[in-house]
Structure formats: structure tokens, C-alpha cells
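Working notes, structure below.
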Amino acid sequence: MAQLKDFPFPFTNDQYAYSNNSVQLDPAKTVTITDDYKKEIGLKRKLLHENNERCFRSLPISLESQWEVMVLIFSELASYSPDQFTFKKRGNDCLFQNHLLEEEESFIFRDSSSIDFEPLDVAGRHVQEDLIIMGDRHDGLFLEAGQLCFPSNWSLTFVHGMEFKSIHTPVPGIQKDGFINKVERFISKIAPGAAWERKNWSITVTNKLDTPLETYSEWGKHRKEVTAENAGELIHLRVEVQRLLRLPMNHDVLFTIHTYLLPLEKLIQNEDWLKIFYSNIKTLPEDIAEYKGILNYREELLRFLEAHLGKERMP
Ligand code: HEM
């Protein structure tokens with residue numbers, strides 16, 4: 001669970017609207033190690049073991065990009081966190097050492113028999129991010145491989161092989177004014193080696209990171225339990241820090257998703273965040289509130305926030 005000081009608070013305006021809030025990153029990094037590293041890696045590996053088909057999918061065409069991603073992530077970890085990771089590549093002989101977990105991966109580049117899982121799956125077991133490879137084909141961007149343990153109510157099984165715009169069909173209003181077409185054009189123009197970052201937000205009731213569509217009946221039912229009295233403890237602002245990087249060798253796109261959860265009782269400790277969060281929830285259009293699963297308990301949530309805003313205003 002993120003602490004207040006490290007939390008990537010996503011709101012910059014009082015009113016929420018879809019936007020391509022991407023900023024270019026310098027240096028072009030794709031992953032971040034936080035204090036929750038060991039806990040989240042443990043959970044990821046458990047999910048991958050127990051629900052492998054739900055958490056990892058790939059098309060054979062993605063294999064070259066998977067190798068590129070694995071080497072890119074291992075190199076990045078070793079360059080930016082040399083005390084925690086090392087990576088050596090001599091010709092095709094590679095050795096990655098994860099000092100945090102006291103593990104190593106010794107493998108031959110592009111030799112599938114030298115690794116226990118597919119390359120994207122190996123890399124993903126060492127980072128907190130979900131990892132998606134979008135193949136850039138002449139007729140669009142296609143989801144060709146993914147290791148997805150912490151989805152916000154979507155299914156890798158469902159979208160596997162799908163084109164970018166079709167993946168976004170369930171999002172209300174996303175076609176309006178050609179928004180999703182513009183986003184796709186933006187992605188297709190990302191230069192080789194460049195990385196961009198944006199934030200997406202939703203709300204999770206309870207502190208569960210793994211909320212796939214497949215297990216909705218287990219976690220979705222908690223949405224009915226929210227009251228103004230328990231909202232501080234139950235409701236968590238869920239933020240995805242999403243990064244897009246154009247693979248220099250294969251020209252596909254790596255999409256990484258780092259999910260952070262912050263309980264409301266911590267969020268309200270920051271007065272500015274409380275005000276802006278309140279205003280966004282209050283003015284959120286009904287179709288988006290429904291899509292994000294907030295509609296049923298929005299009134300209770302607002303009552304909770306108003307009580308705290310009121311306290312702030314008291315002398
Ligand atoms: C290329 C990598 C991307 C992939 C694989 C991807 C995938 C997805 C998926 C699976 C969903 C959930 C759809 C559902 O409910 O079934 C989603 C939601 C969404 N995506 Fe993307 N997306 C990508 C990039 C982007 C970018 C770059 C933007 C905008 C600039 C964007 C905007 C959105 C928005 C606004 C939502 C609705 C989220 C919410 O309100 O909670 N996506 N995306």
C-alpha cells in the first residue's frame with residue numbers, strides 16, 4: 001500500500017474528463033521498484049501459479065518482442081538500481097541477478113529452452129508492473145502478449161489478440177470527438193526508445209490489487225457494503241501509472257501498468273487532495289461513474305468526504 005508521500009495522485013482539475021495526459025519520460029524508464037516490492041512480487045507469482053491462463057497470454061508472433069522486453073527490463077533494473085540488480089550479457093549468454101530476492105536467471109538470448117517461462121513472463125516475475133506487448137501491424141495495434149495480474153475489472157483472456165480501439169469499446173464516451181483514434185495515432189508515432197507516462201484512476205472497495213473481470217463476484221459484492229461510516233477504511237483510490245515505450249529493435253509497443261492503492265482515510269489527510277477528489281467524484285458524469293462502479297455508493301462516499309471537508313473548515 002502506497003504511503004501518502006509516494007502516491008501518484010492523478011487529479012489536476014476539479015472535473016474529470018478523458019484526456020491523453022501523457023508526458024515524455026527522461027530517462028525512458030518502464031518500471032519502478034517501491035517498498036511493496038517483495039509483497040507484490042509474492043502475490044504476482046502466486047496468481048501466476050494458481051491462475052496461469054488468466055494471468056499470462058501470448059501469440060507466437062510476439063516472441064521476438066518478448067525477448068527484447070526481457071533484456072530491456074533487466075538492463076534497466078541493473079542500470080538504475082545497481083545495488084539490487086545486476087545484468088551481464090556477453091554475446092547471447094545472459095545472467096540477471098536479483099539481489100532483493102536472492103535469485104538469478106541464467107539464459108541464452110533467444111533460446112526458449114534456456115528459460116522456465118516465456119520471456120515476458122520471466123521478466124514480469126521480477127517487477128511489480130503488469131506488462132503488455134502491443135504489436136504494431138500495418139492495420140493497427142494489437143494486444144499480442146500480456147502478463148496481467150492486477151487488472152482493474154478487465155480480462156486478458158477476452159482482449160488477447162484484439163485491436164486497440166476494440167479493446168476500448170466498453171469505455172463510455174471514449175469514441176466521442178475521435179478521442180480514441182487520436183490516442184492510437186499518438187501511440188503509433190512514439191519514437192523508438194522513447195517512453196511516455198500517464199495516470200488512470202478508479203476506485204476499489206477493499207485493498208485488493210487483483211480485481212480481474214473473472215472474479216468480479218468475489219470482490220464486486222463489497223461495493224454494496226460502503227457506508228459514510230466505513231468509507232474511509234473500505235474505499236481505496238486506485239491509480240495506474242501507465243507507461244508506453246516503443247521497442248527500438250522490433251518496433252512494437254511495451255505498455256506497463258503499475259497499480260497503487262491509497263485508502264481514503266489516508267487520502268483525506270492531505271487537504272488539497274480531499275478537496276479535488278471530492279469535486280471530481282461529485283461532478284463525475286453518470287455513465288463514467290457507473291463504468292467505474294461508483295454509482296451505487298457515490299452518495300455515501302460524498303457524505304463521508306463532506307463530513308471531513310466540514311471538519312477542515314471548522315476553526
Ligand atoms: C496501448 C496500451 C493500452 C492498452 C492495452 C489499454 C487497455 C485498456 C483496457 C483493457 C481498458 C479497460 C476496458 C474495459 O473496461 O474492458 C482500458 C480503459 C481505458 N483506457 Fe486504455 N489501454 C491502453 C492505452 C491507453 C491510453 C494511451 C489511453 C489514453 C491516452 C487510454 C485510455 C483509456 C481510458 C480513458 C480508459 C477507461 C478507464 C477508466 O475510466 O477507468 N488507454 N484501456
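In each ligand, atom 1 is the first atom listed, and ligand 1 is the first ligand listed.
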Can you find a non-hydrogen atom of L244 under 4.0 Å from ligand 1? yes

Pair E129-H258, side-chain donor/acceptor within less than 3.5 Å: yes

Give the residue and atom name of whichever protein heavy atom lies nearest to atom 4 (C) of ligand 1, and the separation in Å to one decimal. F255 CE2, 3.4 Å

Evaluate Y291 for polar contact with ligand 1, using N/O atom pairs at a separation under 3.5 Å. yes

Quick one: which of L305, D14, I268 gives a side chain to side chain contact (heavy atoms under 4.5 Å, CB included) with Y278? L305

Nearest protein heavy atom with distance in Å, relative to atom 34 (C) of ligand 1: I174 CD1, 3.7 Å

Does the protein put a heavy atom under 4.0 Å from atom 11 (C) of ligand 1? no

Would S65 and E144 count as having a side-chain donor-acceptor pair, cut-off 3.5 Å? no

Other residues, nucleotides, ligands: >12 heavy atoms within 6.0 Å of E286 CD: no

Only heavy atoms of Y18, strictly under 4.0 Å: list the atoms of ligand 1 that pass. 35 (C)

So between K182, M162, R198, E184, whose heavy atom ends up nearest atom 32 (C) of ligand 1? R198

Using a strict 4.0 Å cut-off to heavy atoms of W201, name the atoms of ligand 1 that fall inside it. 41 (O)

Whether over 12 other heavy atoms sit under 6.0 Å from D35 CG: no

Ligand 1 atoms nearer than 4.0 angstrom to some heavy atom of M134 are 1 (C), 5 (C)

Can you name the atoms of ligand 1, numbered from 1 with element, that are less than 4.0 Å from a heavy atom of N20? 30 (C)

Do M134 and I167 have side chains that get closer than 4.5 Å, going by heavy atoms? yes

Check whether more than 12 heavy atoms from other residues, nucleotides or ligands sit under 6.0 Å from atom CD of Q24, and answer yes or no. yes

Check the surroundings of atom CZ in F186: do more than 12 heavy atoms from other residues, nucleotides or ligands lie under 6.0 Å from it? yes

Nearest-neighbour protein heavy atom for atom 24 (C) of ligand 1, which is reported as residue plus atom name and distance: F164 CE1, 3.6 Å

Distance from atom 16 (O) of ligand 1 to nearest protein heavy atom, with residue and atom: P170 CG, 3.4 Å

Looking at H126 versus F85, is the centre-to-centre ring distance below 6.0 Å? no

Taking all non-hydrogen atoms of both residues, which atom of S114 and which atom of F107 are closest, and how far apart? OG-CB, 3.5 Å

If we count only N and O atoms by modelled type, under 3.5 Å, do the side chains of D121 and Q147 hold a donor and an acceptor together? yes

Should we say atom NZ of K38 is surrounded by more than 12 heavy atoms from elsewhere, each under 6.0 Å from it? no

Distance col, row L261:CG vs I235:CD1, nearest 0.5 angstrom, shows 12.5 Å

With heavy atoms under 4.0 Å as the rule, classify the contact between I187 and ligand 1 as side chain, backbone, both or neither. side chain

What's within reach of atom 21 (Fe) of ligand 1, meaning protein N/O/S atoms under 2.8 Å? H168 NE2

Distance from atom 39 (C) of ligand 1 to nearest protein heavy atom, with residue and atom: K292 NZ, 3.2 Å

